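Here the structure comes first, spelled out in structure tokens, and everything after it is commentary.
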Amino acid sequence: MLTLFRLLQTLLARTGAPTRDTTETLVTRWRVLPNDVDAFGHMNNSRYLAIMDLGRIDFLRQCALFRGVLRRRWSVPVGGAHLQFRRALKPLQRYELHTRLLGWDERWFYFRQEFFRAGDPKPVCTGHVKTVFIGREGPVAAPVVARELSGRELVSPAPAEALRALLARPG
């Protein structure tokens, strides 16, 4: 239920703020809530992925792309994720999620998302995610998505081969 409230918070935040560029790192601010905490007294590993989903939704919203996704009835599932944890987030601790689009290939969009404790320059967790846009006919080619949502031709920086290999499906 709290995830629904966080989604509403994400969708309503910064209403009327200027549109951001897709090359920017966008920041959302959160607090570890009691229902985020596991039996070991820190934020549950699965909660990181849920917050990362909200960060990508906010990225689309701030870059004025979210309405286009809804209008076309596209979904944006995750095709792969890799998280590296360095430290724990404790109950009621404030943190930021930094979301950056690294680029795209023919099918996938690649994101880096980092969690930072307030005042700490080192991330507590770094996640890499690949997403695909799915329309009624199936996957939509990433260059088509970029053009349709931005209204112009965009050239992606090439995602690093190491990142593509990290998020590749086995087999």
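Quick note: residue numbers are just sequence positions, from 1. Computed from a predicted model, the values in this text were never measured in an experiment.
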- Message: For a side-chain contact (heavy atoms from CB on, under 4.5 Å) check, start with the C-alpha distance between Val76 and Val69, then their side-chain angles and the critical distance, and finish with the verdict.
- Response: CA-CA 9 Å; Val76 192; Val69 171; 4.0 Å; yes
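The closest side-chain heavy-atom distance from Tyr95 to Val124 is not below 4.5 Å. Arg136 has its side chain within reach of Arg73: a pair of non-hydrogen atoms, C-beta onward, lies under 4.5 Å apart. Side-chain atoms of Tyr110 and Leu167, non-hydrogen and from C-beta on, do get closer than 4.5 Å to each other. Looking at Val37 and His42, their side chains never come closer than 4.5 Å, going by heavy atoms from C-beta outward. Annotation: side chain of Leu26 is not in contact with side chain of Leu97 (no heavy-atom distance under 4.5 Å). At least one side-chain heavy atom of Val132 sits less than 4.5 Å from a side-chain heavy atom of Pro77. Taking the side chain as every heavy atom from C-beta outward, Cys125 and Glu114 never approach each other to under 4.5 Å.
Although no hydrogens or angles enter the test, the distance criterion places a donor-acceptor pair under 3.5 Å between the side chain of Arg100 and the main chain of Thr23. Looking only at distances, a side-chain donor or acceptor of Ser156 sits under 3.5 Å from a matching main-chain atom of Trp104. Here the side chain of Arg47 pairs no donor or acceptor atom with the backbone of Val32 at under 3.5 angstrom. Not a single donor-acceptor pair under 3.5 Å links the side chain of Arg72 to the backbone N or O of Val145. Checked by atom type and distance alone, the side chain of Gln62 never pairs as donor or acceptor with a backbone atom of Phe59 at under 3.5 Å.
Classified by interplanar angle (parallel below 30°, tilted 30° to 60°, perpendicular above 60°), the ring pair Phe133/Trp74 is perpendicular. The aromatic rings of Phe85 and Tyr48 sit perpendicular, their planes meeting at an angle over 60°, well past the 30° parallel limit.
Test Leu83, Val78, Asn44 against Leu49 for side-chain contact (heavy atoms from CB on, under 4.5 Å) and you get one pass: Leu83. Results of the side-chain contact (heavy atoms from CB on, under 4.5 Å) test with Met43 over Leu89, Leu33, Asp38 single out Leu89 as the only residue that passes.
Atom OG of Ser46 is separated from atom CG of Asp36 by 9.0 Å, given to the nearest 0.5 angstrom. Glu148 contributes atom CD, which lies 12.0 Å from atom CG of Leu65 (distance to the nearest 0.5 angstrom). Atom CZ of Arg56 is separated from atom CD1 of Ile51 by 11.5 Å, given to the nearest 0.5 angstrom. Taking CE from Met52 and CZ from Arg112, the interatomic distance works out to 11.0 Å, rounded to the nearest 0.5 Å.
His128 and Phe111 have their aromatic ring centers separated by at least 6.0 angstrom.
Minimum interatomic distance between Gly41 and Pro91 (heavy atoms only, all atoms of both residues): O-CD, 3.3 Å.
Under 3.5 Å, the side chains of Arg86 and Thr126 contain a donor-acceptor pair of N or O atoms. Between His98 and Glu96, the side chains place a donor N or O and an acceptor N or O closer than 3.5 Å (distance only, hydrogens not considered).
Both Phe109 and Leu149 belong to a single network of hydrophobic side chains, linked directly or stepwise wherever heavy atoms of I, L, V, M, F, W or Y lie under 4.5 Å apart.
Electrostatic pairing of Asp120 and Arg87 counts as a salt bridge here, judged by a charged N lying under 4.0 Å from a carboxylate O.
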